[in-house]
K.L.:
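Here you go, one structure.
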Amino acid sequence: MISYFRESYFKDIVTRMPINEQRRIFTASLNESFDIFLSYNIYDKDVVKGIYYVLTKMGFKVYVDFIVDPSMNRSKVTKETAQRIQSRLKHSKSLIYAQSLNAAMSKWMPWELGVVDGNTSKCFIMPVQKGCEIINSRQEYLLLYPVIGTNAHNELRVYDSEGAIYNRTLEDCLR
């Protein structure tokens with residue numbers, strides 16, 4: 001049976017991390033290409049830090065704008081900002097869409113998903129629950145993509161959109 005991640009799981013990872021480890025992990029890298037573009041709503045920034053940490057510990061090169069491009073100003077989005085994000089999307093092998101209650105409000109996330117889907121077709125939805133509630137605000141187009149969750153042994157697995165296990169790891173799906 002598929003289980004989804006809780007926000008608290010990812011927030012706790014970062015909270016327990018020593019400050020010097022946080023500085024090391026969350027410092028911009030000079031990568032020009034990425035295994036994963038992490039698409040998220042800014043209101044989920046604390047959760048995204050935990051997701052980023054988990055994925056990088058698995059050995060993935062992950063793009064998150066506030067880590068890799070900290071100089072981008074979210075309050076003054078320009079054509080250049082959009083072009084920078086588009087370039088990062090095109091230089092990413094896959095996308096993980098961090099689906100939360102806030103994600104449905106994002107204007108950027110559907111665009112990011114479309115760019116990577118058109119480029120590599122390797123897009124995954126990672127539902128992140130606030131508490132025990134089930135996220136049912138899925139837009140229909142999100143049903144097209146596999147879902148990242150955990151199995152009974154708390155192992156990260158990729159499932160189809162109906163919840164049937166592919167019995168594949170994220171590493172296998174990205175190959």
Side-chain angles (χ1 to χ4, degrees), residues 4-5 7 9-11 13-14 17 20-74 76-100 102-103 106-128 139 141-142 144-150 155-161 166 168-175:
Y4 298 124
F5 293 98
E7 284 184 0
Y9 171 78
F10 294 115
K11 286 181 178 180
I13 288 172
V14 177
M17 197 182 304
N20 60 342
E21 177 76 356
Q22 287 187 36
R23 283 190 191 117
R24 187 183 66 76
I25 294 292
F26 304 126
T27 301
S29 87
L30 299 175
N31 290 329
E32 290 298 320
S33 64
F34 301 89
D35 298 312
I36 299 167
F37 183 103
L38 188 50
S39 181
Y40 70 99
N41 184 299
I42 191 62
Y43 294 115
D44 297 321
K45 185 176 181 178
D46 291 337
V47 174
V48 167
K49 286 180 178 179
I51 296 171
Y52 176 86
Y53 178 79
V54 168
L55 294 172
T56 56
K57 281 296 190 187
M58 293 174 70
F60 295 114
K61 289 190 278 181
V62 181
Y63 178 82
V64 174
D65 60 351
F66 66 85
I67 295 171
V68 179
D69 290 321
S71 63
M72 278 198 306
N73 186 348
R74 286 180 165 271
K76 293 183 182 176
V77 177
T78 64
K79 184 177 180 180
E80 289 75 26
T81 305
Q83 288 172 333
R84 162 87 49 99
I85 294 294
Q86 187 175 42
S87 175
R88 297 299 194 185
L89 290 161
K90 289 182 177 180
H91 289 95
S92 297
K93 296 176 187 171
S94 66
L95 177 137
I96 292 179
Y97 185 102
Q99 183 193 15
S100 66
N102 294 320
S106 174
K107 292 180 172 84
W108 286 90
M109 290 175 71
W111 177 70
E112 293 166 350
L113 180 67
V115 170
V116 175
D117 189 23
N119 192 33
T120 70
S121 300
K122 290 188 179 184
C123 298
F124 306 89
I125 308 302
M126 180 183 272
V128 181
Q139 291 88 350
Y141 62 89
L142 295 179
L144 300 172
Y145 303 100
V147 176
I148 298 171
T150 60
E155 300 165 322
L156 192 135
R157 290 286 186 253
V158 177
Y159 300 80
D160 70 15
S161 63
Y166 283 153
R168 294 176 62 195
T169 64
L170 185 59
E171 295 95 325
D172 290 339
C173 291
L174 291 179
R175 286 191 197 124

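Worth knowing before you read on, the calculation uses all heavy atoms, side chains too, and leaves out hydrogens, waters and symmetry mates.
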K.L.:
Does NZ or CZ of K45 come closer than 6.0 Å to the centre of the six-membered ring of Y40, within 45° of the ring's axis?
P.N.:
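No, K45 and Y40 do not form such a contact.
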
K.L.:
Flag the pair L142 / L113 as yes when at least one side-chain heavy-atom distance between them is below 4.5 Å, and no otherwise.
P.N.:
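Yes. Closest side-chain heavy atoms under 4.5 Å.
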
K.L.:
Rounded at 0.5 Å granularity, tell me how far CG in N102 sits from CD1 in I42.
P.N.:
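Reported to 0.5 Å precision, the distance equals 10.5 Å.
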
K.L.:
Do S94 and F124 touch side chain to side chain, with heavy atoms closer than 4.5 Å?
P.N.:
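When only atoms from C-beta onward are counted, F124 and S94 do touch, with a gap below 4.5 Å.
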
K.L.:
Can you measure from OG (S121) to CG (L144) and round to the nearest 0.5 angstrom?
P.N.:
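Taking OG in S121 and CG in L144, the distance rounds to 11.0 Å.
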
K.L.:
Ignoring hydrogens, what is the shortest heavy-atom contact between M72 and T81? Give both atom names and the distance.
P.N.:
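Looking at all heavy atoms of both residues, the shortest contact is SD-CG2, 3.9 Å.
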
K.L.:
Looking only at heavy atoms, what is the nearest atom pair of C123 and P146, with distance?
P.N.:
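C123 and P146 have their closest heavy atoms at O-CD, 3.3 Å.
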
K.L.:
Could you tell me if the side chain of Q99 sits less than 4.5 Å from the side chain of V128, heavy atoms only?
P.N.:
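Of all side-chain heavy-atom pairs linking Q99 with V128, none is under 4.5 Å.
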
K.L.:
Using side-chain heavy atoms (C-beta onward) and a distance below 4.5 Å, is L89 in contact with L95?
P.N.:
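Answer yes - side chains close enough.
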
K.L.:
Only one of I125, L170, V62 forms a side chain to side chain contact (heavy atoms under 4.5 Å, CB included) with I96, so which one is it?
P.N.:
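Exactly one candidate clears the test, L170.
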
K.L.:
Do F37 and V64 have side-chain heavy atoms sitting under 4.5 Å apart?
P.N.:
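With C-beta onward as the side chain, the pair stays apart.
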
K.L.:
Any donor-acceptor pair under 3.5 Å linking the side chain of S87 with the backbone of R84?
P.N.:
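No, S87 side chain to R84 backbone: no donor-acceptor pair under 3.5 Å.
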
K.L.:
Can you measure from CG (D65) to CZ (R88) and round to the nearest 0.5 angstrom?
P.N.:
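D65 atom CG to R88 atom CZ measures 10.5 Å (nearest 0.5 Å).
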
K.L.:
Nearest heavy-atom pair of Y97 and P110: which atoms, and what distance?
P.N.:
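Closest approach of Y97 to P110, heavy atoms only: CE1-N, 4.4 Å.
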
K.L.:
Measure the shortest side-chain to side-chain distance between I51 and L38 over non-hydrogen atoms and say whether it is less than 4.5 angstrom.
P.N.:
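Contact flag for I51/L38 side chains = yes.
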
K.L.:
What is the minimum heavy-atom distance between N41 and M109, and which atoms define it?
P.N.:
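Closest approach of N41 to M109: N-SD, 3.5 Å.
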
K.L.:
Quick one: pull up CD1 in I36 and CZ in F60 and give me the separation to the nearest 0.5 Å.
P.N.:
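One finds 5.0 Å between CD1 of I36 and CZ of F60.
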
K.L.:
Quick check: are there more than 12 heavy atoms from other residues, nucleotides or ligands sitting under 6.0 Å from OH of Y141?
P.N.:
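Count over threshold, so yes.
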
K.L.:
State, to 0.1 Å, how close A82 and W111 come at their nearest heavy-atom pair, and which atoms those are.
P.N.:
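It is O-CH2, 3.7 Å.
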
K.L.:
Show your working on side-chain contact (heavy atoms from CB on, under 4.5 Å) between V54 and K57 and close with a plain yes or no.
P.N.:
CA-CA 5 Å; V54 168; K57 281 296 190 187; 5.9 Å; no

K.L.:
Taking Y53's backbone N and O only, do any of them form a donor-acceptor pair with T56's side chain (distance below 3.5 Å, no angle check)?
P.N.:
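Present.
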
K.L.:
Would you check if there is a donor-acceptor pair between the side chains of D44 and S100 at a distance under 3.5 Å?
P.N.:
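Yes, side-chain donor-acceptor contact under 3.5 Å.
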
K.L.:
Quick one: do K93 and D35 make a salt bridge, cutoff under 4.0 Å?
P.N.:
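So K93 pairs with D35 through a salt bridge.
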
K.L.:
Would you say that E112 contacts V116 through its side chain, given a criterion of any heavy-atom pair below 4.5 Å between the two side chains?
P.N.:
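SC-SC contact between E112 and V116 ruled out.
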
K.L.:
Minimum heavy-atom separation for I148 to M126, with atom names?
P.N.:
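What the structure gives for the nearest pair is CG2-CE, 3.7 Å.
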
K.L.:
Flag the pair S33 / K61 as yes when at least one side-chain heavy-atom distance between them is below 4.5 Å, and no otherwise.
P.N.:
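Touching, per the 4.5 Å side-chain cut-off.
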
K.L.:
Let's go through T150 and R157 carefully: what are the C-alpha distance in whole Å and the side-chain angles of both, what is the deciding distance for side-chain contact (heavy atoms from CB on, under 4.5 Å) to 0.1 Å, and is it a yes or a no?
P.N.:
CA-CA 5 Å; T150 60; R157 290 286 186 253; over 6 Å; no

